[in-house]
Structures are given as structure tokens and as C-alpha cells.
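Notes to accompany the following structure.
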Amino acid sequence: MSGAEPSSISGDPSRSEIFYALGASSLGTVLVARKPQGVCAILLGDDPDRLERDLAEIFPDSARAPVAEALAPELAAAIALAERPWAPFAPSLAIGGTDFQRRVWSAVQEVAPGTTVSYAEIARRIGAPSALRAVAGACAANVLAIAIPCHRILRSNGTLSGYRWGMERKRRLLEREQQR
């Protein structure tokens with residue numbers, strides 16, 4: 001724990017400090033990070049140290065501080081989402097990215113649990129039908145695992161494609177949504 005007070009998480013929105021916590025789920029380790037504006041990252045992996053390094057790479061200009069107790073509700077919500085990817089994620093999100101990425105992520109968030117669409121369909125939905133690679137790139141850049149459910153996006157032929165958090169996690173998330 002850093003010495004940061006829990007109340008500082010909702011402090012000055014111009015601060016460049018990110019608070020984070022780590023926990024375990026059936027999908028591996030979950031790292032949830034929060035800026036004053038909301039949850040800015042949900043990372044999945046097998047190695048907590050690697051997830052902390054990933055967070056540093058994603059937000060290189062921000063100070064990072066572990067505050068497990070202060071983020072207990074957000075961490076619990078992220079772990080619950082890993083177990084039940086169809087459930088809503090209640091904490092507010094601080095979605096970064098470019099305008100294009102945010103358009104893609106917004107369209108991805110509209111894909112109903114238990115269903116999948118292709119990258120081409122997302123490209124059509126955002127009015128950029130020839131931007132397949134850019135849509136795939138936006139999905140790969142998504143740092144809000146499961147909350148922005150890029151696991152629901154497949155190749156045009158319906159097969160699984162890459163997933164930032166690993167193909168096995170993608171497969172398991174889709175299976176969980178189908179079995180609910």
C-alpha cells in the first residue's frame with residue numbers, strides 16, 4: 001500500500017496519478033486501475049509483476065500507486081465481470097484512446113452478451129467499412145478488458161482471432177456467455 005488515502009482517488013481530476021489493485025480470478029490475475037474520472041484499465045494476465053509493468057507502459061506519464069483497500073469495490077466488480085462477462089460493470093469508466101478507438105469501443109459495447117460480430121461488422125457500424133485493420137487495432141489497444149468486450153469480435157469467417165489477453169481467455173469468456 002502506498003500511503004495514499006482512499007479519498008485521494010476521487011480528488012483533483014488534473015492529477016496524473018493512477019491507483020491500482022490486483023486480485024485473482026478464474027481467468028488469472030486481474031489488475032484494475034483508477035484515475036479520478038473512473039476505472040481506466042482492467043488488465044488480465046498470469047503474472048502480477050508483468051501486469052504492473054504493462055500498466056506503466058500504458059500510462060508512462062502517470063505516477064502509479066497500489067491501494068488495494070481503496071479499490072476493493074472496483075476490484076471486486078472486475079473479478080465478478082471475469083466470472084460473469086455478461087453482467088454489467090457498475091463502476092464508471094475513464095475511457096481514453098483516440099476518437100476512432102472510442103467509436104470502435106462504443107460499437108463493441110453494444111454487442112449483446114452471448115453474441116459475436118465480425119471486425120467488418122464493427123467497421124460498418126461506425127461508418128468506416130474499409131477500416132478492418134484499424135478496427136482490429138482498436139480492439140488490440142483496448143485496456144478495459146471485458147468492460148469493453150472485444151472478446152465478442154471475431155474474424156469474418158466466424159473464427160477466433162487475436163485477443164490482447166490471450167486466445168484461451170477469449171474462448172473461455174465466449175463459452176461463459178453462451179452457457180449462462
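The chain is numbered in sequence order, starting from 1.
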Open item on the list: Could you go through I126 and F100, starting from their C-alpha distance and side-chain angles, then the distance that decides it, and tell me whether this counts as side chain to side chain contact (heavy atoms under 4.5 Å, CB included)?
Closed with: CA-CA 9 Å; I126 65 168; F100 180 84; 3.5 Å; yes
TODO: Supply the atom-to-atom distance I95 CD1 to L93 CG, rounded to the nearest 0.5 angstrom.
DONE: 5.0 Å
Open item on the list: A side-chain contact here means heavy atoms from C-beta on lying under 4.5 Å apart; do P91 and R34 qualify?
Closed with: no
Task: Donor-acceptor contact present, side-chain W105 to main-chain G96, <3.5 Å - done: no
Open item on the list: Using every non-hydrogen atom in the two residues, find where L144 and V39 come nearest and quote the distance to one decimal.
Closed with: CD2-O, 3.8 Å
Task: I148 backbone acceptor or donor facing N142 side chain under 3.5 Å - done: yes
Task: Nearest heavy atoms of H151 and E177, plus distance in Å - done: NE2-OE2, 2.8 Å
Open item on the list: Give me the atom names and distance for the closest heavy-atom approach of S156 to S118.
Closed with: CA-CB, 3.8 Å
Open item on the list: Nearest 0.5 Å, please: how far is CG in L51 from CG in L44?
Closed with: 7.5 Å
- [ ] First locate atom CH2 of W86, then atom CG of L173, and finally report the distance between them rounded to the nearest 0.5 Å.
- [x] 10.0 Å
Task: salt bridge (Lys or Arg N to Asp or Glu O under 4.0 Å) contacts in which one or both residues fall within residues 75-96, not counting sequence neighbours - done: E83-R176
- [ ] Measure the CZ-CZ distance between F59 and R64 for me, rounded to the nearest 0.5 Å.
- [x] 10.0 Å
Task: Partner of I79 under side-chain contact (heavy atoms from CB on, under 4.5 Å), chosen from V30, I42, V32 - done: V30
Task: salt_bridge(E57, R53) N-O dist < 4.0 Å - done: no
Open item on the list: Please give me the minimum heavy-atom distance between I146 and P85, naming the atom from each residue.
Closed with: CG2-CB, 3.8 Å
Task: Side-chain donor/acceptor of R103 to backbone N/O of R125, under 3.5 Å - done: no
Task: Separation of E110 CD from I122 CD1 (nearest 0.5 Å) - done: 8.0 Å
Open item on the list: Applying side chain to side chain contact (heavy atoms under 4.5 Å, CB included) to I153 and Y163, what does each step give before you reach the verdict?
Closed with: CA-CA 9 Å; I153 313 305; Y163 186 56; over 6 Å; no
TODO: State, with a plain yes or no, whether a side-chain heavy atom of L154 is found less than 4.5 Å away from one of L160.
DONE: yes
Open item on the list: Check this for me, if you would: do R124 and E121 make a salt bridge, where the nitrogen-to-carboxylate-oxygen distance has to be below 4.0 angstrom?
Closed with: yes
Task: Side chain R164, main chain C139, donor-acceptor under 3.5 Å - done: no
Task: Minimal non-hydrogen separation, K170 against C150, with atom names - done: NZ-O, 4.2 Å
Open item on the list: Do V67 and L55 land in one hydrophobic cluster if side-chain heavy atoms of ILVMFWY residues count as linked below 4.5 Å?
Closed with: no
- [ ] For T159, enumerate each residue passing the side chain to side chain donor-acceptor pair (under 3.5 Å) test, keeping only those at least two apart in sequence or located in another chain.
- [x] R155, N157
Task: Heavy-atom pair of closest approach, residues L27 and R169 - done: O-NE, 2.6 Å
Open item on the list: side chain to side chain contact (heavy atoms under 4.5 Å, CB included), that's the test. Do V111 and T116 meet it? Break it down for me.
Closed with: CA-CA 7 Å; V111 177; T116 59; 5.9 Å; no
TODO: Go through T29 and R50 one step at a time and tell me if the side chain to side chain contact (heavy atoms under 4.5 Å, CB included) criterion holds.
DONE: CA-CA 10 Å; T29 301; R50 178 69 216 167; over 6 Å; no
Task: Non-hydrogen side-chain atoms of W165 and L43 separated by less than 4.5 Å - done: yes
- [ ] Find the distance between CG (L31) and CD1 (I58) and round it off to the nearest 0.5 Å.
- [x] 8.5 Å
